[in-house]
Every structure is written in structure tokens, then in C-alpha cells.
Amino acid sequence: MVCASKVFDEITERDVVVYTSMITGYALVGGHITYKAFEFARLMQKEGIDPNRVTMVSLLQAAAELEALEEGRSIHGYAIRRGIGCSDEVFETSLMDMYIKCKVPTMAACIFGRMKMKTIGSWNAMITGYLNMGQPLEALGHFCKMVHENVFPDLISLANGILCCADLKYLQEGKTIQGRIIRIGYELDLIATTALVDMYSKCNDFTRARKLFDVVEKRDVILYNVMMAGYLQNGFATETVDLFIEMVGSGLKPNLGSILNVLSALSEMKNVRGGRSVHGYILKHEFRMNTEVANQIVYMYARCSYIYDARQVFNGIRYKDLISWTSMMMGYIYHANPEEAILLFRMMKREKLDHDSVTLISLLQAFLKLGHLSLAKEVHCHSYRTRLDHETLVINSLITTYAKLGNLNMARNLLEHTNRGCVTSWNTMIAAYGMHGNCKEVLRLFDRMRSEMIKPDDMTFTSILTACSHSGMVEEGLRVFNCMREDYCIIPCEAHYGCIIDLLSRAGRLEEAYELLKLLPARQSASAMAAMLAASRIHGNTELGEVIGHWLLDLEPESPSVYNLVSNLYAESGKWDEAARTRNMAKMRGLKKAAGYSQIELNPRASTM
DNA sequence: TTAGGGTTAG
């Protein structure tokens with residue numbers, strides 16, 4: 001645009017085409033600089049040159065880019081007064097797009113409704129408009145209406161349809177649209193492929209997403225970002241980072257999305273070294289450190305237990321948003337400083353920032369850690385006032401908080417009267433009864449679930465099996481374990497096997513537990529091994545205990561509790577030298593078991609809300 | 001010289 005400006009300055013007699021070229025240029029550039037398009041329009045007006053429809057379309061595009069509603073409205077008004085753009089589908093589509101980007105969908109819908117010739121472009125503008133406003137159902141509705149009216153779709157509209165399905169997690173419908181692309185014979189371009197990769201990863205068909213990604217020869221940053229997000233959603237943090245490294249290695253410059261993805265993955269992995277490198281990369285490459293990026297860095301440091309660094313970055317954020325405050329609060333809660341989290345909440349309120357359900361849940365966790373039942377009740381009342389009391393996450397968090405603070409009746413009331421249709425709330429209540437050792441109530445609740453036709457998921461079974469093993473209800477536990485596969489087609493995972501191994505070994509059925517243990521992959525059975533080791537000691541089976549102890553020491557050489565368990569086993573059987581040797585090994589490695597503590601509510605501070 | 005398509009946190 002610099003060269004274009006120079007040429008423009010050299011022209012002495014400027015006409016509408018010259019001005020329009022400059023305006024179009026700035027409208028296409030995007031970003032903040034787009035405002036220059038309006039400067040040229042004013043200059044043009046001063047010289048007494050009238051804009052034509054091309055000028056108007058470009059100005060509308062600039063207004064859309066800058067989300068400048070007032071400018072957009074005045075262009076609309078001018079067009080009506082001068083009779084420009086009537087029955088012109090390109091102009092009307094630009095007008096619709098401007099209203100959509102300025103978040104006035106009603107005006108856009110009104111213009112769209114009155115359009116005599118609805119072109120494929122105008123349909124697409126409406127569909128993407130709703131998608132960008134976070135209304136995928138409305139967007140899909142328009143897509144279906146378009147198909148119903150026999151408008152022949154182009155690749156853009158089909159890709160839009162796929163994006164609707166991605167946001168709604170409608171796998172079957174997405175596949176149907178993909179089938180239509182194949183039937184028509186469109187060749188997938190980069191953007192349509194990206195939409196498909198996004199749809200498949202959001203619908204948990206990760207293998208298919210990766211296959212599509214692999215066949216693309218010339219990938220761009222967005223395709224990489226979508227694939228990285230797919231890895232993240234499917235729990236593959238290491239692979240996300242590998243893909244980021246591959247992308248940078250291939251010469252592509254990461255953008256905001258890539259940075260957010262890789263930081264999120266490093267937080268999952270608690271990899272502070274990697275996190276610091278990315279932080280350094282951002283500073284070194286003068287990447288714009290906006291609130292979004294800073295929030296993710298705060299979260300990364302907090303997850304990696306580097307709370308001081310997290311606070312430093314947090315303090316440096318100029319425009320802190322809700323996520324900045326919540327991330328920092330969560331950091332303090334993870335790291336045993338709930339008081340500071342509550343203090344931050346108060347500071348946030350002083351800044352007149354409104355909280356949402358996630359902030360409220362964090363606050364509940366802080367009160368839970370401090371054992372403040374009365375303040376937790378206050379949060380509950382507040383959730384009524386702010387209408388957050390119907391959100392599943394809030395309800396489940398309240399159920400857990402009440403249960404952990406000893407008020408099981410309140411917890412049960414919440415389940416019965418607010419969220420009876422939601423499996424996660426049942427799971428929370430089942431886990432709560434399990435926590436209190438009330439296995440009979442756990443099993444009764446499971447029966448109720450069946451009679452109310454609530455389909456249990458894998459978490460339901462983990463909680464039930466844990467409760468059974470802690471209460472010694474072996475037969476019941478085995479019965480539930482067997483019905484998982486038979487009645488609900490849920491294949492038991494490591495967690496379930498771990499529970500059953502724990503259940504059997506606590507009951508002294510060590511041989512059966514050992515047989516099951518051998519079925520598990522070593523890496524994922526550490527907790528089951530620890531349970532068996534403890535049980536071997538209690539039931540006096542030192543021989544088996546020693547075998548498992550050695551496996552466990554190989555598997556988790558940095559865990560102080562493993563050394564404790566093994567040394568206690570030796571001590572119990574009179575092998576004092578071995579016991580001392582094991583303790584020494586832990587000492588040499590500088591491992592020390594953290595002391596446990598309990599807390600009771602004494603004098604909660606004054607109201608926080 | 002003119003319109004419509006892909007990723008994004010707690």
C-alpha cells in the first residue's frame with residue numbers, strides 16, 4: 001500500500017476510479033490500517049467526486065472489518081438517498097455482511113429476506129454470519145433451507161455446512177455433506193479440507209481427521225492449528241507440541257492460534273521448560289502479547305507450579321479479563337493458597353468485572369479447601385441471584401462441595417431438584433456417597449439411575465467400583481464390573497481394572513488380583529500395583545509384595561510413597577536390612593513424603609460476594 | 001476497482 005500511495009500522490013487529476021482503487025486496497029489489507037479507506041472517502045467527498053457502487057462495496061467491507069457500525073449505517077443511508085445498490089445482490093450481500101460483523105443480525109436477516117435474487121454468496125454470508133456469532137444451529141437451519149430451495153451449492157457453502165456440523169458435533173450430517181462434495185465431483189481445496197479436519201476432530205473421529213491432514217501437500221498455519229487443536233481435544237499433548245515444532249521447522253510462522261494451542265499442550269504436560277521457550281519466543285519475535293496470550297502463559301506457569309512467574313505475568317496484563325482473573329485464582333487453588341484466590345476474587349469485583357460459572361466454581365473450590373461451609377452456601381445463594389444455578393458445572397461443583405463439607409442432604413437435594421437428567425450430576429453424587437463410605441446408597445442410586453433411564457458412563461462405573469472396594473463389597477463390585485460390558489457395552493479401561501484389582505486385593509483375593517494385573521499395560525497400572533502392594537502387606541503375602549514392589553520401584557522411582565510401602569513390607573516380615581536399604585534409597589534421592597493435614601471451619605471471614 | 005469459506009483460552 002506504500003507504493004500505491006506514492007503513485008496516488010503523483011496523480012494530479014484524480015477520478016472516482018483512482019480513489020476507489022485506494023479505498024479497495026485499504027479495505028482488502030485488513031487490520032487497523034483499514035480505517036485509511038474512510039480517510040480517502042472523505043478526501044474524495046471534499047474534491048466533490050461522487051462514489052460509485054464499487055466504492056460503496058469497498059467501504060462496506062472496510063466498515064465490516066473494523067466493526068464500525070456507525071460508518072456502515074451512514075454508507076447504507078447514503079446508498080438509499082442516492083439510489084445506489086437497489087436490487088444489486090453484490091451490494092446487498094456486502095451490506096448484510098457489514099451488519100453481521102457489527103453484530104446486528106436482525107438487520108442482515110431483514111435485508112436477506114427482502115432480496116429478490118438470493119445468490120449463493122448471500123446464503124453463504126448469512127450462514128457464516130450465524131456461525132461467527134456462535135449460533136451454529138441457526139446457521140445449519142439456513143444451510144438446510146438453501147438446500148430445500150434447490151439452490152445448487154458451491155464448495156464454499158458445503159464447507160460452511162461442514163463447519164456447522166463441526167460446531168454442533170453432528171458427525172452423521174457432516175459425513176452426508178462430505179458425500180455430496182464427492183458426488184458433485186468438487187476437488188477439496190485447503191479451506192474445505194481444514195473444515196473437514198475440524199469436523200472430524202470435534203466429533204472424536206480423530207483417525208479420519210489425521211488421514212485427511214496427511215494427504216495435504218501444501219499445509220498452512222490454520223490447517224496445522226486445527227490439527228493441533230484436534231490432538232489437544234483428544235488428549236495427545238506431546239503430539240500437539242511435536243506438530244508445532246514440525247510446523248515451525250517447515251518455515252511456517254506461528255500465529256495467535258498456534259501459540260495458544262502449544263501453550264495449552266505444555267500446560268497439560270506441566271512442561272515449564274517448553275513453556276518458558278514459547279514465552280521467550282513471543283518476546284523475541286515481538287509477537288503481540290495480548291490478553292489472550294498472556295492468560296495462557298499465566299495458566300501455563302500456574303499449572304507447572306511456578307506461581308510466582310504466573311503472578312508476574314498476570315500483574316503485567318494491562319486489560320485483565322475474566323479469564324485472566326480466573327486462571328490466576330485457579331493457580332492459587334492448585335497450589336494450596338486458597339486465601340489468595342479469594343483475595344483475587346474480591347479485587348476482581350472491585351474492578352467491576354462480572355464473574356461467570358467458571359469463576360464461581362473456582363471460588364467454591366477455595367472455600368472447600370478452607371472448609372468454609374457457610375461461605376459455600378453464600379456462593380449457592382449467589383448462583384440463584386445471578387441465574388447460574390442451572391449450569392451443570394455449578395450444580396456438580398456445589399454437590400461435591402456440600403458432600404465434602406459433610407452436608408450430604410444438601411448435596412442430594414441439589415441432584416433431586418435441579419439436574420436429575422444429567423449423568424454427570426449422578427456421577428458426582430455417587431462419588432460423594434463413595435467418599436463417605438456409604439456404598440449401599442451408591443448402589444441404590446445406581447438402581448435409581450436405571451429406573452429413570454439415565455445411561456451410566458465410564459465415570460459412573462469408576463465411582464461405583466471405587467466405593468465397593470473401599471467398603472469391601474466384593475460380590476457387588478464384581479457384579480457391577482460384569483454388567484458394564486454386558487448391559488451397557490462399555491469396555492472397561494485401566495481405571496476400572498485398577499478398581500477391581502484394589503477390590504480383590506483388599507479382600508485378600510490376591511491371586512485373582514494378580515491375574516488381572518498381568519492383563520494391564522505396565523505404564524498404566526501403577527495405582528493398581530500400589531493397591532496390591534499395600535494389600536499384600538496387610539494379608540502377609542510378602543513374596544508377592546516383593547515382586548510387585550520391585551516392578552513399582554522401576555516404574556515410579558521418584559515417588560516417595562512407593563519407597564515407604566516397600567520398606568514397610570520388609571519391616572513387617574522382619575527383613576530389617578532390606579527395609580533400611582529401601583529407606584536409604586529414598587533418602588539419597590531426596591524424596592520425602594508430604595505430611596497430611598486436616599482443617600475445620602473456625603471463623604470464616606465476612607461476605608465475599 | 002466490487003460480495004460469501006477454515007483455527008483461538010480459564
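A quick note: this is a predicted structure, and the numbers were derived from the prediction, not measured. So you know, we letter chains A, B, ... as the sequences are listed, proteins then strands, and number each from 1.
- Counting only N and O atoms by type, the side chains of A/Asn396 and A/Thr424 include a donor and acceptor under 3.5 Å apart.
- Contacts of residues 138-157 of chain A with DNA chain B (heavy atom under 4.0 Å): A/Asp154, A/Leu155, A/Ile156.
- Taken residue by residue, residues 158-172 of chain A places heavy atoms nearer than 4.0 Å to DNA chain B at A/Ala159, A/Asn160, A/Leu163.
- Distance alone, capped at 3.5 Å, is enough to place a donor-acceptor pair between the A/His142 side chain and the A/Glu138 backbone.
- If you check every strand for non-hydrogen atoms under 4.0 Å, A/Asp321 touches a base.
- Open room surrounds CD on A/Gln45; 12 or fewer heavy atoms of other groups in view lie less than 6.0 Å from it.
- DNA chain B is contacted by A/Asn255, A/Leu256, A/Gly257, A/Leu260 of residues 255-263 of chain A, taking any non-hydrogen atom closer than 4.0 Å.
- Between A/Leu137 and A/Leu168 there is a side-chain heavy-atom pair separated by less than 4.5 Å.
- The stretch residues 295-320 of chain A touches DNA chain B through A/Asn295, A/Gln296, A/Tyr299, each having a heavy atom under 4.0 angstrom from the strand.
- Residue contacts for A/Leu190: at a heavy-atom cut-off of 4.0 Å it reaches a base atom on one of the strands shown.
- A/Val358 comes within contact range of at least one nucleobase, with a heavy-atom separation under 4.0 Å.
- A donor-acceptor contact closer than 3.5 angstrom links the side chains of A/Thr55 and A/Asn52.
- Put simply, the side chain of A/Leu256 reaches to within 4.5 Å of the side chain of A/Glu292, judged on heavy atoms.
- Under the 4.5 Å side-chain criterion, counting only non-hydrogen atoms from C-beta, A/Leu370 is in contact with A/Ile342.
- Remark: of the listed residues A/Phe345, A/Tyr299, A/Phe314, A/Phe314 is the sole one forming a ring pair (Phe, Tyr, Trp, His ring centres under 6.0 Å) with A/Trp325.
- For A/Arg210 and A/Tyr231, the side-chain atoms include at least one donor-acceptor pair closer than 3.5 Å.
- Here A/Thr359 lies in heavy-atom contact (under 4.0 Å) with a base.
- A/Gln61 comes within 4.0 angstrom of the backbone, heavy atoms only, and of no base.
- Looking at heavy atoms from C-beta onward, A/Asn271 lies out of side-chain contact with A/Cys304 at the 4.5 angstrom threshold.
- Side chain to side chain, A/Asn261 and A/Ser264 fail the donor-acceptor criterion of an N or O pair below 3.5 Å.
- Looking at A/Phe38 and A/Tyr26, their side chains never come closer than 4.5 Å, going by heavy atoms from C-beta outward.
- Heavy-atom contacts from other residues, nucleotides or ligands closer than 6.0 Å to NZ of A/Lys118 number more than 12.
- For CD of A/Glu47, the number of neighbouring non-hydrogen atoms (other residues, nucleotides, ligands) closer than 6.0 Å is greater than 12.
- Around atom OH of A/Tyr306, no more than 12 heavy atoms belonging to other residues, nucleotides or ligands sit under 6.0 Å away.
- Between A/Arg219 and A/Phe213, some side-chain heavy-atom pair lies under the 4.5 Å cut-off.
- Residues A/Met247 and A/Ser258 meet the side-chain proximity criterion, which asks for heavy atoms closer than 4.5 Å.
- The stretch residues 198-217 of chain A comes close to DNA chain B through A/Asp198, A/Lys202, each having a heavy atom under 4.0 Å from the strand.
- Residue-level contact check: A/Ile23 touches neither bases nor backbone, having no heavy atom under 4.0 Å from any strand.
- On the nucleic acid side, DNA chain B has its first and last nucleotide under 4.0 Å of a heavy atom of chain A at B/dT1 to B/dG10, going 5' to 3'.
- Between the side chains of A/Tyr200 and A/Gln178, a donor-acceptor pair is found at a separation under 3.5 Å.
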